[in-house]
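Excluded from the calculations below are hydrogen atoms, water molecules and symmetry mates; all remaining heavy atoms, backbone and side chain alike, are included. Every number for a ligand or one of its atoms is a count from 1 in the order of the listing.
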Amino acid sequence: MSESEATIEMERGIAQIEASYREALESARDENELRRRNAQYVGAQGELTKLMKWMPKVPGDRKKDLGRRVNQLKQAIEALFSARLEAIEAEAMRAELEGPFLDVSLAGRGVRPGRLHPITRVEAELLDIFGALGFDVADGPLVDYHENCFDRLGFPPDHPATDMQDTFFVTRRQTGASATTLLRTHTSTIQIREMMRRKPPLAVVAPGTVFRRDDDATHSPMFYQLEGFLVDRDVSFADLKGVLTLFAKRLFHEDILVRFRPSYFPFVEPGGEVDISCVFCEAWTHDHERTAGCKVCKGTGWLEVLGCGMIHPVVFENVGYDPEEVTGFAFGMGLDRIAMLKYGIPNIKLLYENDVRFLSGF
Ligand code: PHE
């Protein structure tokens, strides 16, 4: 590229810009368009800016003249741009003032209020019900010792619940850790902790999350339980029945029926499971046809809701209580399951997807 070619390129470029910029800026219809066109000339990639790259090649005696013309052109473009911008803004203001009246008193778009999650609501209701019966509320850590989750509750070392398949271990003594710790598989850990911390009499409920390697339409690897237990002199199975029957009536329906079936948990003796009459076909009304067709209770009229029993003497020994002196009962229920039954939720996953369409349906 010779010196005279550089000079010619610059002359040509200046002439082209001089011929076009006025029309380009004046015909811009709004601020965006004006700014875009202005940038086509004087922006970082603009035509005028690009012209300057010839400058080093321009012969000395022409440099001063061409440089001055580029600067003048730049100033002219900037002046026209400012004038046009002002005119466009003034026009926009005039159009707004002369245009249709904006009624600022019109009602706005409603803000949809949030709601408590079904599990939070069930938990609050249960704490109310048991609080009215004199139960305290306790809490415990999500990661706990193997001892609090299994051993002190009387689980034998080879119990299937303590398997890798069921439990999320955090540290394991077998691999050199100083203690075996895990994500608690049930809230019964809080029974142990509270009993070791306090002397009887005591009545406690403890809601919280628990973790198991379970995952299907009715099981989630993280779910909620509520543990309850009461220890005193002369506590009997009748007290347990009374408390749980009252709970079922208050939470679901005054006429609900409750049935106790024998079952096994290492930390209770006798142990049982509690069924309530189905809340979907309202089995307590004895409408046999309706119950026969009910998909939820599968025609049986009963729904299982919790595990319970009289606290095993070995558990009392493990926490330093005298089983000759005190007796007590314990129960544990899944809050997810209770919420699903109470609100007719078909799949446990819906509780954890945070979909507002689902959450606002209650
Ligand atoms: N911890 C038991 C479970 O998770 C439930 C339970 C609690 C049973 C208290 C009896 C007494 O399955």
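In the displayed structure, Lys298 atom NZ is contacted under 6.0 Å by at most 12 heavy atoms of other residues, nucleotides or ligands. At most 12 non-hydrogen atoms from other residues, nucleotides or ligands lie less than 6.0 angstrom from NZ of Lys64.
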Can you pull every nitrogen or oxygen pair between ligand 1 and the protein closer than 3.5 angstrom?
{"unit_1": "ligand 1", "atom_1": "1 (N)", "unit_2": "His186", "atom_2": "ND1", "d": "3.0"}
{"unit_1": "ligand 1", "atom_1": "1 (N)", "unit_2": "Ser188", "atom_2": "OG", "d": "3.0"}
{"unit_1": "ligand 1", "atom_1": "4 (O)", "unit_2": "Arg212", "atom_2": "NH2", "d": "2.9"}
{"unit_1": "ligand 1", "atom_1": "4 (O)", "unit_2": "Gln225", "atom_2": "NE2", "d": "3.0"}

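Side-chain atoms of Arg184 come within 3.5 Å of backbone N or O of Gly140 as a donor-acceptor pair. Although no hydrogens or angles enter the test, the distance criterion places no donor-acceptor pair under 3.5 Å between the side chain of His312 and the main chain of Leu153.
Classification of Glu304 and Arg261 as a salt-bridged pair holds, one side-chain N sitting under 4.0 Å from a carboxylate O.
In this structure Trp302 satisfies the ring pair (Phe, Tyr, Trp, His ring centres under 6.0 Å) test with no other residue, sequence neighbours excluded.
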